[in-house]
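Here the structure comes first, spelled out in structure tokens, and everything after it is commentary.
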Amino acid sequence: MTTTAAPLDVATVRADFPILGRTVREGKRLVYLDSGATSQRPRQVLDAERAFLEIANAAVHRGAHQLAEEATDAYEGARAKIAAFVGVDFGEIVFTKNATEGVNLVAYAMGNAATSGPEADRFRLGPGDEIVVTEMEHHANLVPWQQLAERTGATLRWFGVTDEGRLDLSDVDELINPRTKVVAFTHQSNVLGTVNPVKSIVDKAQAVGALTVLDACQSVPHSKVDFHALGVDFAVFSGHKMLGPSGIGVLYGKRALLEALPPFLTGGSMIEMVQMARSTFAPPPQRFEAGSPMTSQAVALGAAVDYLSAIGMDRIAAHEHVLTEAALKGLAEIPGVRVVGPLDTEDRGGAVSFVVEGVHAHDAGQVLDSLGIEVRVGHHCAWPLHRRMDAAATVRASFYLYNTLDEVQALLDGVRETQKFFGVA
Amino acid sequence: MTTTAAPLDVATVRADFPILGRTVREGKRLVYLDSGATSQRPRQVLDAERAFLEIANAAVHRGAHQLAEEATDAYEGARAKIAAFVGVDFGEIVFTKNATEGVNLVAYAMGNAATSGPEADRFRLGPGDEIVVTEMEHHANLVPWQQLAERTGATLRWFGVTDEGRLDLSDVDELINPRTKVVAFTHQSNVLGTVNPVKSIVDKAQAVGALTVLDACQSVPHSKVDFHALGVDFAVFSGHKMLGPSGIGVLYGKRALLEALPPFLTGGSMIEMVQMARSTFAPPPQRFEAGSPMTSQAVALGAAVDYLSAIGMDRIAAHEHVLTEAALKGLAEIPGVRVVGPLDTEDRGGAVSFVVEGVHAHDAGQVLDSLGIEVRVGHHCAWPLHRRMDAAATVRASFYLYNTLDEVQALLDGVRETQKFFGVA
Amino acid sequence: MQLQQMYQEIILDHYKNPHGRGLRDPFDAESHQINPTCGDEVTLRVKLDGETVADVSYDGQGCSISQASTSVLTDLVVGKPIGEAFKKMDAFVELMQGRGQVEPDEDVLEDGIAFAGVAKYPARVKCALLGWMAFKDAVSRSEGAKA
Amino acid sequence: MQLQQMYQEIILDHYKNPHGRGLRDPFDAESHQINPTCGDEVTLRVKLDGETVADVSYDGQGCSISQASTSVLTDLVVGKPIGEAFKKMDAFVELMQGRGQVEPDEDVLEDGIAFAGVAKYPARVKCALLGWMAFKDAVSRSEGAKA
Ligand SMILES: Cc1ncc(COP(=O)(O)O)c(C=O)c1O
Ligand SMILES: Cc1ncc(COP(=O)(O)O)c(C=O)c1O
């Protein structure tokens with residue numbers, strides 16, 4: 001990938017992130033390589049949230065006073081920004097507490113179609129219907145579908161993964177068939193880094209009338225993503241992985257689908273009319289935002305989107321590309337290290353997972369941590385994928401806009417140090 | 001109610017809340033009387049959240065590095081504080097995004113008992129079973145039960161409300177009967193202020209083997225509440241109504257019940273073991289916290305609980321008692337004003353809702369807003385209750401520890417001004 | 001004072017003495033609209049005569065803004081061709097959603113220009129539009145019934 | 001360096017040369033335990049002889065800490081009365097959950113005292129306890145089977 005924009009000025013970026021100045025374990029400089037789990041927050045995002053709370057905090061949508069007006073404007077203004085950031089319309093964005101809730105929302109709402117009117121027919125599932133996922137899904141985009149299958153009697157099926165860590169599409173025409181009701185898959189694997197061919201899967205699904213649900217948790221924070229261009233029906237991502245707060249996620253849904261989708265969580269703010277015995281529901285997005293929302297968190301996520309946009313998603317992607325390439329090259333040069341996932345940077349994001357032969361991931365992570373290098377160890381909520389790749393657990397380094405080539409070098413040195421410590425090299 | 005502790009020093013308290021220093025509408029001093037909808041946040045809570053984000057932010061429970069350790073300690077430390085605050089054990093506290101999610105969690109998990117093992121038998125519902133609520137519920141504790149009834153075929157029944165705004169318990173022995181599976185009711189009405197006799201309802205429910213779910217949204221922020229002493233099976237409350245952040249709520253469940261309750265949201269962090277075809281689940285509270293949690297929000301809610309505890313819930317309750325008494329007395333002296341709810345302060349909290357005869361609540365709210373007085377107008381997410389009380393909409397003033405008698409006076413003056421403006425007095 | 005800007009005399013007059021209020025027969029279609037935040041409701045009937053709005057009758061409960069704007073509505077649309085009525089509706093909606101930045105045209109909106117101040121209060125915009133939503137819905141129903 | 005404090009020689013020795021490893025017959029009960037965050041697992045069998053732990057055999061995969069602590073476990077409990085074995089377990093659990101504040105008793109825990117440094121790393125405590133949880137579970141199953 002090439003880009004004509006000037007490269008990212010990492011030093012300037014880093015200065016925006018207070019936490020990157022701290023040390024860990026006996027004064028080691030913090031090398032944070034765990035942004036795939038959660039990212040850090042720049043001052044601009046922290047300041048925006050605090051300013052909102054010190055000036056305009058109030059219950060949104062429910063109040064008629066000035067604070068409530070200002071709070072509602074800030075909240076809905078954030079929705080508009082976030083919608084534009086992923087190329088969709090204002091009313092197609094639903095705020096959830098995290099991406100996991102977003103997937104559950106779609107799965108449960110489909111289950112609720114059983115007791116809804118004819119407008120919800122296309123969401124109805126039962127015995128004989130099929131739900132398709134992949135073997136590289138995060139548990140968040142797997143377990144809710146297992147449960148939906150269990151509740152409705154539908155059958156769960158899945159795409160396999162090749163030895164190289166790519167989706168095995170050889171049986172796509174068998175897997176996506178007229179019985180298929182939903183195809184739920186990840187845009188970018190949080191373990192392998194693999195970027196999946198969204199458009200071609202969506203085309204296959206559309207051809208048989210199946211809905212598509214995209215897990216965009218690892219793509220939206222790291223590159224320019226346009227859900228309208230991708231053509232997916234639903235997509236989810238999380239604020240905390242893109243410089244925003246914890247406690248807020250986003251569900252995108254095509255307008256016509258959201259309009260027909262039955263509610264999931266019910267309560268205040270999502271109703272049209274309530275009587276003791278029954279209720280009717282508001283149009284989307286309100287229908288899917290029951291209770292007091294994540295007000296300041298939405299505002300802060302809006303600020304995160306501003307921050308990312310000001311730098312430019314293309315420059316961020318290009319920067320991560322350089323880091324990923326250096327990490328893959330460096331790890332390839334260390335004997336006894338096996339990278340789990342594509343070895344080149346083609347259609348590949350910046351999650352680099354690996355096994356140090358003879359050293360358990362937990363132990364490797366401990367040595368790295370003692371050097372100040374914060375990576376994630378385990379199955380990264382993708383246990384079936386780890387079984388498939390024949391790794392009980394892996395070490396994962398994941399990069400973001402504030403990481404440097406120096407930090408990649410620190411990781412590589414740390415891996416050698418790990419081998420030395422455990423006497424395997 | 002009497003208390004021997006020194007009264008609250010409101011001026012000192014107010015200085016902790018930055019937003020209270022602002023003005024609204026052409027320079028009017030802000031009189032914030034909408035804490036029943038959402039409270040404001042003291043500097044101490046804002047600082048605690050920011051410090052966490054600048055020092056120890058990381059994914060909790062999933063990481064082995066130092067940041068992850070510190071973040072996990074902060075998150076679980078907050079759980080311990082909050083558990084102690086409401087008199088329960090550490091493992092009995094589940095974090096949700098708001099109270100609404102908490103009620104939905106219990107309702108959906110009960111629905112999921114249909115496809116769970118025998119340990120979930122006591123949660124199973126079907127035709128012939130009854131769910132009991134009350135006519136004074138917030139939509140959050142009504143609509144989820146309507147929906148559960150619709151999904152399972154169970155019957156929804158409810159307690160009425162007297163003209164005085166008290167729960168009508170005359171038919172309690174008919175309503176709570178051997179067919180009753182759940183009794184869901186509010187501790188303190190967000191409209192009437194009424195405090196319900198929890199213990200006696202719990203006793204009746206226990207006698208027939210029904211579960212109890214308490215909506216403690218309006219009680220926990222304003223008085224000392226001990227769920228173990230009350231004997232309820234489940235209870236919910238929200239962070240944003242008790243000086244904490246939006247985006248975090250709490251579900252309390254008796255340990256043995258949480259252990260038997262099927263999961264609701266599924267995904268990462270709530271599993272024990274995941275295979276492609278099926279999964280098993282972690283013990284509580286993790287089983288009910290799918291996905292990346294509201295980390296900094298939990299930390300901030302812990303700080304809110306510290307702040308409230310340092311002042312003392314008894315002193316806060318006593319302070320609000322004084323304000324409520326003054327408001328009730330003052331409103332009673334204005335001809336053409338009808339208070340909806342108990343007219344005395346016996347078993348009554350600080351939500352004071354009223355109708356100004358001849359002036360719609362929206363219009364009254366607008367006049368008050370023009371004077372800087374921020375109240376809530378509408379049905380306050382309790383539409384059936386408003387129908388019962390023969391009010392299309394009411395004006396609600398709700399008090400908290402930072403409100404003053406001066407502000408109550410401003411409200412009373414504002415109501416007279418409203419009457420003058422619309423020519424009804 | 002801001003309050004007077006919002007509650008123009010015209011609005012208070014229409015509120016106290018609403019025009020065309022009460023449900024009347026005959027009618028082609030009826031619409032019932034609710035404002036879910038405050039429970040305000042309006043039931044509105046439309047009688048068309050070819051392409052002309054022959055009568056609009058309504059009943060409901062609500063704040064001064066919603067009641068007055070429905071009263072103004074009847075003045076604006078009764079006796080007008082549907083196309084012209086919808087143009088007035090579009091102009092009124094544009095005014096209300098303009099946050100106080102839209103300059104109303106008195107030739108089109110007549111008494112409706114009094115609502116310019118209301119547009120500065122986003123929480124009240126729904127009130128001002130309640131009757132208009134009912135009108136739009138009722139016309140489309142009566143056209144649907146005829147088609 | 002902190003790392004050496006955690007990975008005491010004793011731990012690395014047990015990891016490289018585990019004691020009593022492998023699943024053996026006969027046994028009274030078996031327990032399978034998983035660490036859900038990393039997928040580590042242990043299968044552990046217990047053979048009781050009256051009130052005495054006659055044999056413990058196990059297999060599994062995991063990090064040095066989980067493997068070494070299970071190896072130490074067999075040294076500590078095999079041949080001991082159940083009551084004494086459980087006392088050792090309690091002492092080990094207390095040590096591991098003590099955040100580095102608990103002083104271990106070498107008379108009770110023998111090689112187990114090497115895990116004192118691990119207790120400072122909360123994310124690793126589960127690893128150190130994995131085999132012990134399996135032991136506890138297997139004993140209660142075999143007692144249950146006999147009762
Ligand atoms: C009595 C009562 N129950 C439930 C709720 C819902 O709380 P939340 O919106 O935080 O979920 C509220 C507040 O809105 C309330 O006052
Ligand atoms: C690919 C992927 N999907 C889903 C999730 C779940 O996101 P969250 O935990 O924010 O709900 C994550 C991150 O944990 C992820 O990396």
Side-chain angles (χ1 to χ4, degrees), chain A residues 18-19 22 24-25 34 37-38 40-41 46 50 53-55 57-59 62-67 97-98 100-101 104 115 135 139-140 143-144 146-147 150-151 158 238 240 246-247 265-268 271 274-276 278-279 290-292 294-297 362 365 369 374 376-377 381 383-384, chain B residues 18-19 22 24-25 34 37-38 40-41 46 50 53-55 57-59 62-67 97-98 100-101 104 115 135 139-140 143-144 146-147 150-151 158 238 240 246-247 265-268 271 274-276 278-279 290-292 294-297 362 365 369 374 376-377 381 383-384:
Chain A
I19 202 171
R22 74 164 274 182
V24 290
R25 304 289 182 219
D34 198 14
T38 203
Q40 298 301 343
R41 327 281 160 78
L46 300 174
R50 180 137 189 168
L53 290 169
E54 293 192 348
I55 295 170
N57 181 52
R62 297 182 182 181
H65 53 68
Q66 186 178 348
L67 287 193
K97 71 174 174 178
N98 51 25
T100 303
E101 186 197 335
N104 278 274
T115 45
E135 213 175 359
H139 297 163
V143 189
Q146 292 178 344
Q147 295 290 105
E150 192 163 318
R151 286 195 300 271
W158 54 89
S238 266
H240 67 96
S246 58
L265 299 179
T266 59
I271 56 95
V274 178
Q275 294 171 342
M276 281 312 290
R278 58 177 288 280
S279 304
S292 301
M294 296 64 74
T295 327
S296 70
Q297 291 81 15
H362 253 179
D369 178 44
E374 312 287 55
R376 182 148 166 205
V377 297
C381 298
W383 202 336
Chain B
I19 203 170
R22 76 165 271 182
V24 290
R25 304 285 182 223
D34 198 15
T38 202
Q40 298 299 343
R41 327 280 159 78
L46 300 174
R50 180 137 190 168
L53 291 169
E54 293 193 347
I55 295 170
N57 180 52
R62 296 181 184 182
H65 53 69
Q66 187 178 348
L67 287 194
K97 71 174 174 177
N98 51 25
T100 303
E101 186 197 335
N104 278 274
T115 46
E135 215 176 357
H139 297 162
V143 189
Q146 292 178 343
Q147 296 291 106
E150 192 163 319
R151 287 195 299 272
W158 54 88
S238 266
H240 67 96
S246 58
L265 300 178
T266 58
I271 57 94
V274 178
Q275 294 170 342
M276 280 312 289
R278 57 178 289 282
S279 304
S292 302
M294 296 65 74
T295 327
S296 69
Q297 290 81 13
H362 254 180
D369 178 43
E374 313 286 56
R376 183 151 165 203
V377 298
C381 299
W383 202 337

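Excluded from the calculations below are hydrogen atoms, water molecules and symmetry mates; all remaining heavy atoms, backbone and side chain alike, are included. Numbers restart at 1 for each chain; the letters A, B, ... are given by sequence-line order, proteins then strands.
- Comparing B:Ala59, B:Pro384, B:Ala37, B:Ala140 by heavy-atom pairs within less than 4.5 Å of chain A, the highest count is held by B:Pro384.
- Only the side chain of A:Gln147 comes within contact range of chain B, with heavy atoms under 4.5 Å apart.
- Residues B:Val143 and A:Ser279 come closest through the heavy atom pair CG2-OG, 3.8 Å.
- A heavy-atom distance below 4.5 Å is not found between the side chains of A:Leu53 and B:Ile19.
- Taking all atoms of both residues into account, the shortest heavy-atom contact from B:Arg22 to A:Ile55 is NH1-O, 2.7 Å.
- Between A:His240 and B:Thr295, every side-chain heavy-atom pair lies at or beyond the 4.5 Å cut-off.
- Atom CD of B:Gln146 and atom CD of A:Gln275 lie 9.0 Å apart (nearest 0.5 Å).
- Among the candidates A:Gly365, A:Ser238, A:Gly267, the residue making the largest number of heavy-atom pairs closer than 4.5 Å to chain B is A:Gly267.
- Contacts between A:Arg25 and chain B at a heavy-atom distance below 4.5 Å involve backbone atoms as well as side-chain atoms.
- Heavy-atom pairs under 4.5 Å with chain B peak, among A:Arg41, A:Met276, A:Glu54, A:His139, at A:Met276.
- If you tally non-hydrogen atom pairs under 4.5 Å between each of B:Asn104, B:Ile271, B:Thr38 and chain A, the highest count goes to B:Asn104.
- Contact annotation for A:Asn57: both backbone and side-chain heavy atoms come within less than 4.5 Å of a heavy atom of chain B.
- The minimum heavy-atom distance linking B:Gly247 with A:Met294 is given by the pair CA-CG, 3.8 Å.
- Chain A forms more heavy-atom pairs under 4.5 Å with one residue of B:Leu265, B:Thr266, B:Thr100 than with any other, namely B:Thr266.
- Considering all non-hydrogen atoms of both residues, A:Cys381 and B:Gly268 come closest at SG-CA, 3.9 Å.
- Separating the NZ atom in B:Lys97 from the CD atom in A:Glu101 is a distance of 3.5 Å, to the nearest 0.5 Å.
- With a threshold of 4.5 angstrom between heavy atoms, B:Arg151 approaches chain A through its backbone and through its side chain.
- Here the side chains of A:His65 and B:Val24 are not in contact, with every heavy-atom distance at 4.5 Å or above.
- Minimum heavy-atom separation, A:Leu67 to B:Glu374: N-OE2, 3.3 Å.
- Pairing each heavy atom of A:Trp383 with each of B:Val274, the nearest pair is CE3-N, 3.7 Å.
- Side chains of A:Gln66 and B:Asp369: no donor on one and acceptor on the other come within 3.5 Å.
- With respect to chain B, the highest number of heavy-atom pairs below 4.5 Å among A:His362, A:Gln40, A:Glu135, A:Glu150 belongs to A:Gln40.
- Both the backbone and the side chain of A:Ser292 come within contact range of chain B, judged by heavy atoms closer than 4.5 Å.
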